[in-house]
Each structure stands twice: as C-alpha cells, then as structure tokens.
Q: 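Okay, handing you the structure first.
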Protein chains: 2
Amino acid sequence: MAEESSNWIVMVTAKSPTNIAVIKYWGKRDETLILPINDSISVTLDPDHLCTTTTVAVSPAFQSDRMWLNGKEISLSGHRYQNCLREIRQRASEYEDEKRGIRISKEDWGKLHVHIASYNNFPTAAGLASSAAGFACLVFALGKLMQVKEDLGALSAIARQGSGSACRSLYGGFVKWVMGNDVTGKDSIAVQLASEKHWDDLVIIIAVVSSRQKETSSTTGMRESVETSTLLHHRSKEVVPKRIVQMEEAIANRDFASFSKLTCTDSNQFHAVCLDTCPPIFYMNDTSHKIISYVEKWNQYEGTAQVAYTFDAGPNAVLIARDRKTAGHLLQRLLFYFPPNVDLSSYVLGDKSILQEAGVESLKDIEGLPSPPEVKDNVAPKRYPGDVSYFICTRPGRGPVVLTGEDQALLDPKTGLPK
Amino acid sequence: MAEESSNWIVMVTAKSPTNIAVIKYWGKRDETLILPINDSISVTLDPDHLCTTTTVAVSPAFQSDRMWLNGKEISLSGHRYQNCLREIRQRASEYEDEKRGIRISKEDWGKLHVHIASYNNFPTAAGLASSAAGFACLVFALGKLMQVKEDLGALSAIARQGSGSACRSLYGGFVKWVMGNDVTGKDSIAVQLASEKHWDDLVIIIAVVSSRQKETSSTTGMRESVETSTLLHHRSKEVVPKRIVQMEEAIANRDFASFSKLTCTDSNQFHAVCLDTCPPIFYMNDTSHKIISYVEKWNQYEGTAQVAYTFDAGPNAVLIARDRKTAGHLLQRLLFYFPPNVDLSSYVLGDKSILQEAGVESLKDIEGLPSPPEVKDNVAPKRYPGDVSYFICTRPGRGPVVLTGEDQALLDPKTGLPK
C-alpha cells in the first residue's frame, strides 16, 4: 500500500448508458444470482441523453464503504451492492502509480474501503431503468479502479447480480443477455449483437407518462408472475426462444418491419403476463393504451411499420422510429395528441433537433398542428394536455466509458466526499 | 292453416336473462356455427334487473319477416338471425287452436312470416351482454310459438348460432357451455350445473364504467386473438380444462374462496390474451384497474375472499359478493371511491335494498362515508366522481319464462306491429 502517507485517494469516473429491452426479461430462475428464465435483447440508449455517471474511489483514510446517489447518502448494505463489491474485489489485481508512490496489491483491495458517488442525468423515479445504468456504471468503474482484467462479458455477469438488466448496459448498440444454464450464473452474460453504428437510422422518443398509481417493483412483479401466471412458463419456454432468433435476424438485416413487429408483440406479451399474475399487475395506463392505438393506426395507414413501441414496468412509452424523418412525423403526432402544459424547452428533452425535423419551434406551432392523415376526416380527435410529463428524444448509443477530466469526477479528489 | 280468415295472429312473449361468464369463452373453432375452443361457465343474472323481453308472432297477413329492437326496426338479413329462424322452423310442429279455429301444420311454419319485437330493460350499448339475452329470448320464444319439442339443450345449440354466449342464457343459475367436438355443433350446448336456488347468498353488483374509447367487438376481437395470440392456444388447451373442473367443484360446494379465485384469475387471463393479440385489444381502462385494486386490497386485508370480480369485452366490472352483508360493505366502498354526479336513485339501480344494507339513503350519507379500513391511516384515498355511470345490484337468477299477460306483449295482437 502507500508507503509515505495514508492521505492518497485513487479514483475512477465512468459513464454508462441505460437500455430498453425489445425482447423482454421477466422472471428469474434464481433470485439471489439473478438468473433469468429466458434470453432477452435490448437496445442501448445514447448516454448523451440518458446515463449514469459514477465516481469510485479508495483511500486508506476511508473508514467504511459509503455511497451517494444523486447527492444523497444511501446504504450499501443490500445484498445487490454487496455482491457486486465482493465479486469485483475478488478479481482485483495489483495497481501501481510510480509518480505518486502508490502501490495497491491484490490483497490490499479487500481491505480498502470505497466511496461511490453516482448521478443520473434523468429523473430516477421516472421508470427509465436507472438501476440498469447505475449497476452497469458501478461495476464498470470499480473494475477499472481495481484493475480487473476480465472482459466485458465477465463484468456483465457481475452487474447482473446488481440488477438483471444492468448486464445489457455494458455494451452499446444491440445486446443479448444469454440466460445461460450454469448454476453459478457464470454463463448468464451479455453479448453484443451489433454496435450502435450498425443501424444508425433509428431514432427513439420516450414519452414519460404522468402516473398517479404506485407501481409494483419489477423485482416483486416478476416473482409474483413466476409463482402465479399460468402463461409465463409457456412464454419463456415456447415463445421467446423463437422470437430471439427472429430478432437477431431482424437486427442483422436492419429489417425494420420484423424488428417493429417483434418489439411490439413482445412488449404486449410481457404486459399480458403481468395481467395474468395474481393479483394482476397493471403497468400501462389509459395514456399508454392511447399511444399504442395511435401508433398501430398510423402503421396500418402507411401499410408499413413506421414506429415500434415498447413499455417496461411502468406507463412510459419507448417509441422507436425507423429514421429521422419518421421521428419528426412521430413527434408531430405526439405533440398533437399530448400538447404541453409547460414551455416547449422543458417538454421535449434530449436531441432537440428532432423538433426542427417536426417543424415545431413554438407552442403556437403545436396549436397549429393538423390532425394526422390516418384520422378519419369527420372526427376531430381529442387531445390530452397533461397526460405526458415530457418527451426525451434519443437514439441507440455506445456502452460505458471512462471519463478522464478531473472536473467530471463526482468526488472531491482531496476529501473523497461528494463535491 | 287458418280456414275462415287470414287476419289471425298467433304470438308468444318471453323474457330471458343475461349471463356473466366466470370461466371465459374467447375464441371460435368454427366462425359460422359459433363453436368455441374451450368450455365456459357462467352465472345467469336475475331477469328482474337485466333481461330481454321478446314477442314473436306469425300471421298469414304478414308480408315478410320483420324485427324491432327497442322500438326501432332492424334488419333480419344477417346470417345470425337467419340461422336461428331456419333452425327453429325446421323443428316446428303442428299447432292447433280449436277455439279460434287456427291450425298450423309442420309445413305451414316455413311459409308464415314472423314479426319480432324485442326490448332490453338495460342500455343495449352498455356492454352488458345484450346479445346473449336477446338471442336466448328469440330462440326460446320462437320455440314456444312453433311448438318445438326439443329440450333446452337443443334450443341452446340454436341460440349459440345467434350469439355464442346466448346458449348459456337458456338456463338459470350456474351454467356450463360444453364446447363439444361434433363438426355439426350439435353437442356444443349449455347444461345447467346448479339452479339459482343452490347458492342464493351471492349478490352481484355491476359497475357500468364510463368509457370514451370505441371498443373492438367481441366477434372481431376473438377472431384476431385466435389468429395472432401465441398464448391463447395454451390457455384453451392446458389452462381452461383444469379450471372448468375446479369451478364445477367450487359451485357444487358453494366454496366462495375457490369460486372467487378462479373467477378473478380467469377474467384476468382473458384480458391478458386480449393484450397478447396483434394489434392488442384493451377492454379494461384505468377505472377497471382501480376497481380490481380496491377489491384485491380488501380481500387481502380480510384474509378471506369477500368479493370476486370479472370483466367481459368492455370496462364494466361485475362484482360478486359472498352474501348480502358483504354486498353492503362492497357498495359502501364503491360509493366511497366513485361518488355519484347524479341523484342516488338513478345511480344505484336494480335491487335497491342493498343501499339499506350499506346504510346509505342520501348523497349526504355518501359524503360521510369513512375511508375503508384496509386503506392505510396516513393516506387520504382519492375519490373519482364521474368514473362510473351507475351501478346495478342483482343476483343469480332464473332462466327464460313465457309471459302470459296480454299487456306484456310487445306487439299489438290486432296489427302485429309494435305497440
């Protein structure tokens, strides 16, 4: 360890994306190791718009493992955090900084306490898979700090033990979480199917839907589905394996029609299984249903799929448009049906250039939007201000990266406490 | 036929109940004959509160088959009406009224035109299975008029060709529709499991839920589910057969806990299959979801099932309380969460005595209702005036009956036209 002084701090800062499943993960075969009952496939979202930044640090001066999430100290005692910390420490290897005269041996890592500060650039409670980005970032950053030599696949198996879907956030682009069959979970890892550059036409718009209902956590929900749904087993054994093959093919061929069909039907089937759970779980609400109906009607009107929709364990819609032009048309429709109650700049977030694509620069432009052509001429469609809190425009994005700028660190390099 | 004059009219008036499935029918194996892919079980609702009254008449003076529904003439050309008329005419037998000197031979029935007037004592469009009561009543009344000697089972197979669930309205109490396996459909008939007197504690409250969405018809919906849902086949082949056995047992033993569990889970599974359909079908809305949540929370709080819920192809909740006292407590809760926007007498319909059971006599009593005890003390629950249009209080009831009073006929005995 450090020879001359115990005041040194070594830290690493990393940034990780969130991801949205297009073939859903729902149901564990092992609750502790977080092993799923089927493969799943996701799209990684651009961390420029949705990401977690995490700084991890060690110092002989630290008295205990501590963590701050979005500036507030939280407990690390949960087994999910403990599992990730333990697994990374076991794989730590020697670190040496000759300039600063710091040497940390393989064994030292187990004795040094860590400080962790984590920050989401999007609302944690909005149901946007913050735990996926969070655990991916934690494991990635700790792995860099502690000189873990294992590849991203092995890291993904550790992140999985923090939050199942976190394993898919270790890669950018299009990612498969292979369920594996080993009891240790070592083969239940993420693999990249294609990078984000493979299919860079896609544009993603997330509708954060206002909700008054308290939702069932996905951990509780999937446990109850496994215990009570008579349809889930059939889904995981008979339906999903075929869809995984078809989805891999659709992604490889950039076949939007198949991609869209599979994405929508698998989202709907996941919510069907939730409804088949006892007591039933409702994640989608009337606004979610409306968004599905608008997209289905539009796709049908065009004769080809323009937009795919998918919903996780909450009412928010994740809409994937085939290209930028289509995304503009989608945003027009969304702003038509769900006009803002607030100013435009806080209503459309992320890649605001899609607003220009949509020809919308002001609230007045939104008032002037015509009915979409798929609406029958004789019906003036109802509009629902207030049903959507805001939209985030984004795209498929890259995996975790280390941030080297000192100003990007969330912990003070002198005190090891949040800045 | 009539010897002396062609001005005579022979008519019969009957009254038929509607029914609510507790193990659901969803999916046909034959669209024309209306043959289902699984057995179903229903409870017949008391015709005092929900029924169809139908008068059928023949006369040599009638120029064509005609029908009036709720006072408005409608076309009989659809194959559903044509199938029922044809099947009944094929089974007609000789009629003789010596007093009036009228004789109608087996062959005459095929030449005589019918007039039909039908009236629902509840809103047709409210999604309360009006077609079940309607076709059951039509077939029952025509059978009486045309001296059909077949039993109710054979009549149920004819009503089935008008509307699948109509076959279950030929009996009172608890009824099973046996799917059968003959290609002609002759063994796809209703059988009575138990009369309404077998289990007369049950009280049923229907919440007619306000809806702004146009719904998919059940005919279209089930066709699309059969074509696209990957879960429906598993449901009909693997899940329903077991539930049918269990439900028959629960009814035989008046075992409310099992009855309730099966009723709720089967309703939820039917809606799960609708969601698994492409494009997805949403029959329940946020109000339906709220009602389910309130009932689940209450049942859980009590530790034993108080109330079962089931939803057909629409947002209306059919709530089955274990007894009158529980029904009073249920109505208190319903009026607490969904206070009326209108006067009480048009908000709680049917068996209004349940209001007394609930201790509610005025709108003031509703304002004064306390939070249900299952609600946590520190949370003031939200109330939703306007989300429910009205409630109907009823119970399991009898099958179709002939009405003999001349004032009960819907057709004028002299003109054969609606009164």
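Residue numbers start from 1 in every chain, and the chains themselves are labelled A, B, ... in the order their sequence lines are given, proteins ahead of strands. What's counted below: heavy atoms across the whole structure, side chains too, no hydrogens, waters or symmetry copies.
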Q: More than 12 foreign heavy atoms under 6.0 Å from NZ of B:K261: is that the case here?
A: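 No, not enclosed.
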Q: Measure distances from B:Q269 to the heavy atoms of chain A and classify the residue's part below 4.5 Å as side chain, backbone, both or neither.
A: both
Q: Within residues 218-226 of chain A, which residues come under 4.5 Å of chain B, heavy atom to heavy atom?
A: none
Q: How long is the span from the CG atom in B:D286 to the CG atom in A:N285, to the nearest 0.5 Å?
A: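 Those atoms lie 5.0 Å apart.
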Q: Which of residues 274-284 of chain B have a heavy atom under 4.5 Å from any heavy atom of chain A?
A: B:L275, B:D276, B:C278, B:P279, B:P280, B:F282, B:M284
Q: Are there more than 12 heavy atoms of other residues, nucleotides or ligands under 6.0 Å from atom CD of B:E31?
A: yes
Q: What residues of residues 332-340 of chain A sit under 4.5 Å from chain B when only non-hydrogen atoms are counted?
A: none
Q: Name, in order of residue number, those residues of residues 237-253 of chain A that have a heavy atom at a distance of less than 4.5 Å from a heavy atom in chain B; otherwise write 'none'.
A: A:V239, A:R243
Q: Roughly how far apart are B:R235 CZ and A:T230 OG1, rounded to 0.5 Å?
A: 8.5 Å
Q: B:I292 versus chain A, heavy atoms under 4.5 Å apart: side chain, backbone, both or neither?
A: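 Only the side chain of B:I292 comes within 4.5 Å of chain A.
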Q: Counting neighbours of CD on A:Q300 that are heavy atoms of other residues, nucleotides or ligands and sit closer than 6.0 Å, is the number greater than 12?
A: no
